[in-house]
Amino acid sequence: MPESTTVTIVLHANADLADALLPTARGGAHLTDGLVERIQRRFGVQARVVHEASSGFGALRAALEDGSAPMLGSDADIVVLSVADEVMALPERGAGAEEAVQNVRADLVAAIRLIKEKIGAHILVANHSTVDPDDETFNFQGVSPEPLSLRIQRMDLMLVGVSHDEGISIIDIDRKVAEIGAGGTVVGQMRYGPGAADVIADETVRILEDYGFFDDRPLLAQVGAKGASS
């Protein structure tokens, strides 16, 4: 993209992701240089983040369908979503674990297709670390509701399939946190300290760079297997 273009990023997430991508001056918890500052410093490209609170994929889908989603008027180039709300609500999303995950998947896929159709934005979805520093469960059999770590694993697997089918990218927080070690970097359920926030922000910048948002070249399209075969 030309240097004169401002890259607009809609961050549709709560503190789980906002704390890792926004600078402290804009409500983040740890970083003086958030996503925008890193983009500007490394590539000389102007960027802005529009932060919207999330209520889950079902609420986002409904708002996109009825035209009330704030991001519809944002001229977004990129939309960043998080699975955090759905992880917390998963036991109420279906009669069993598999049905619950499939219901979440259906809402996410519908929201992805609506965003691509109505806004034309690239979409990134963040998973989360399976480490819960407050959970000492060592045997998941018969535990109800399912421990957070198991719910996050189910979401991780679901996102891999959605990424393949729909062409979105995953901000793989689970992998990035594992690489630096979760001890001291995961400070609560899907909440991260400064070290984790730093690698999450860097990983997000890397993904956007791969698409070509910071170069004067055509953007790589997000075409998944479903779109390619239709």
Side-chain angles (χ1 to χ4, degrees), residues 8-23 26-31 34-36 49-64 69-71 74 76 78-90 92-93 100-101 103-112 114-115 119 121-132 148-163 166 168-178 182 185-193 196-208 222:
T8 298
I9 304 163
V10 171
L11 174 60
H12 188 83
N14 296 319
D16 61 290
L17 200 53
D19 281 349
L21 297 182
L22 296 178
R26 290 205 54 214
H30 305 295
L31 304 175
L35 191 58
V36 165
V49 172
V50 179
H51 182 209
E52 300 176 358
S54 170
S55 298
F57 299 146
L60 176 60
R61 173 184 184 174
L64 289 164
M71 70 175 66
S74 66
I78 302 140
V79 173
V80 180
L81 307 175
S82 166
V83 300
D85 296 308
E86 298 293 355
V87 168
M88 299 305 294
L90 193 61
E92 288 76 49
R93 291 285 268 132
V101 171
N103 288 338
V104 173
R105 189 187 198 282
D107 283 336
L108 175 59
V109 168
I112 287 168
L114 287 163
I115 290 168
I119 304 174
H122 283 59
I123 301 165
L124 281 60
V125 183
N127 66 17
H128 276 287
S129 172
T130 54
V131 174
D132 179 358
L148 188 86
S149 58
L150 185 53
R151 283 181 258 163
I152 292 175
Q153 288 175 358
R154 293 187 187 280
M155 289 296 185
D156 282 356
L157 183 59
M158 181 271 290
L159 282 183
V160 170
V162 172
S163 176
E166 304 298 325
I168 63 163
S169 286
I170 300 170
I171 304 173
D172 196 348
I173 292 176
D174 199 19
R175 176 176 63 85
K176 299 305 294 185
V177 168
T185 61
V186 180
V187 298
Q189 293 181 341
M190 298 180 287
R191 300 298 300 274
Y192 308 101
D198 186 58
V199 298
I200 293 167
D202 276 349
E203 177 68 1
T204 305
V205 172
R206 183 197 66 77
I207 293 169
L208 299 181
Q222 286 192 317

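Note: hydrogens, waters and symmetry copies are ignored here, and every other heavy atom, side chains too, is used.
Closest of all the heavy-atom pairs between I173 and A126 is CD1-CB, 4.0 Å. Considering all non-hydrogen atoms of both residues, A69 and L64 come closest at CB-CD2, 3.8 Å. What you find for A111 and L60 is that their closest heavy atoms are CB-CD2, 4.1 Å. In this structure, D107 and G58 approach most closely via the heavy-atom pair OD2-CA, 3.4 Å.
Annotation: the span from Q189 atom CD to D132 atom CG amounts to 4.5 Å, rounded to 0.5 Å. Annotation: the span from D202 atom CG to L35 atom CG amounts to 10.0 Å, rounded to 0.5 Å. Distance check: I171 CD1 to L159 CG gives 10.5 Å after rounding to the nearest 0.5 Å. K176 NZ to I200 CD1: the interatomic distance, rounded to the nearest 0.5 Å, is 10.0 Å.
Residues passing the ring pair (Phe, Tyr, Trp, His ring centres under 6.0 Å) test with Y192, sequence neighbours excluded: H128. Under the side chain to side chain donor-acceptor pair (under 3.5 Å) criterion, R26 pairs with no residue at all, not counting sequence neighbours. Every side-chain contact (heavy atoms from CB on, under 4.5 Å) that S169 has, sequence neighbours left out, goes to L124, I207, Y211, Q222. Partners of D156 according to the side-chain contact (heavy atoms from CB on, under 4.5 Å) rule, which considers only residues two or more places apart in sequence or in another chain, are N127, T130, I152, D174. Residues passing the side chain to side chain donor-acceptor pair (under 3.5 Å) test with S129, sequence neighbours excluded: none. Looking at residues two or more places apart in sequence or on another chain, you find a side-chain contact (heavy atoms from CB on, under 4.5 Å) between R105 and Q102, V109, M158, V162, D165. Considering only residues two or more places apart in sequence or on other chains, R191 meets the side chain to side chain donor-acceptor pair (under 3.5 Å) condition with D19. Residues satisfying the side chain to side chain donor-acceptor pair (under 3.5 Å) criterion with E52, sequence neighbours excluded, are H12. With sequence neighbours excluded, the residues forming a side-chain contact (heavy atoms from CB on, under 4.5 Å) with A201 are L21, L31, R38, listed by chain and number.
Put simply, the side chain of N14 gets close to the backbone of S54: a donor and an acceptor are under 3.5 Å apart. In this structure a side-chain-to-backbone donor-acceptor pair under 3.5 Å is present from S163 to I168. Checked by atom type and distance alone, the side chain of D16 never pairs as donor or acceptor with a backbone atom of M190 at under 3.5 Å.
No side-chain heavy atom of V104 sits under 4.5 Å from any side-chain heavy atom of R154. Using a 4.5 Å heavy-atom cutoff, the side chains of I9 and V36 are not in contact. You'll find the side chain of L108 reaches within 4.5 Å of the side chain of L81, heavy atoms only. Within the 4.5 Å cutoff, side-chain heavy atoms of I115 are placed close to those of M71.
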For the pair V83 and F57, evaluate side chain to side chain contact (heavy atoms under 4.5 Å, CB included) and give the outcome as yes or no after the intermediate values.
CA-CA 8 Å; V83 300; F57 299 146; 4.1 Å; yes
Criterion side chain to side chain contact (heavy atoms under 4.5 Å, CB included) on M155 and L90, from CA distance to verdict
CA-CA 9 Å; M155 289 296 185; L90 193 61; 3.7 Å; yes
Audit row: V177, V131, side chain to side chain contact (heavy atoms under 4.5 Å, CB included) steps and yes/no
CA-CA 9 Å; V177 168; V131 174; 5.7 Å; no
Checking side chain to side chain contact (heavy atoms under 4.5 Å, CB included) for the pair V101/R93: CA distance, chi angles, key distance, verdict?
CA-CA 8 Å; V101 171; R93 291 285 268 132; over 6 Å; no
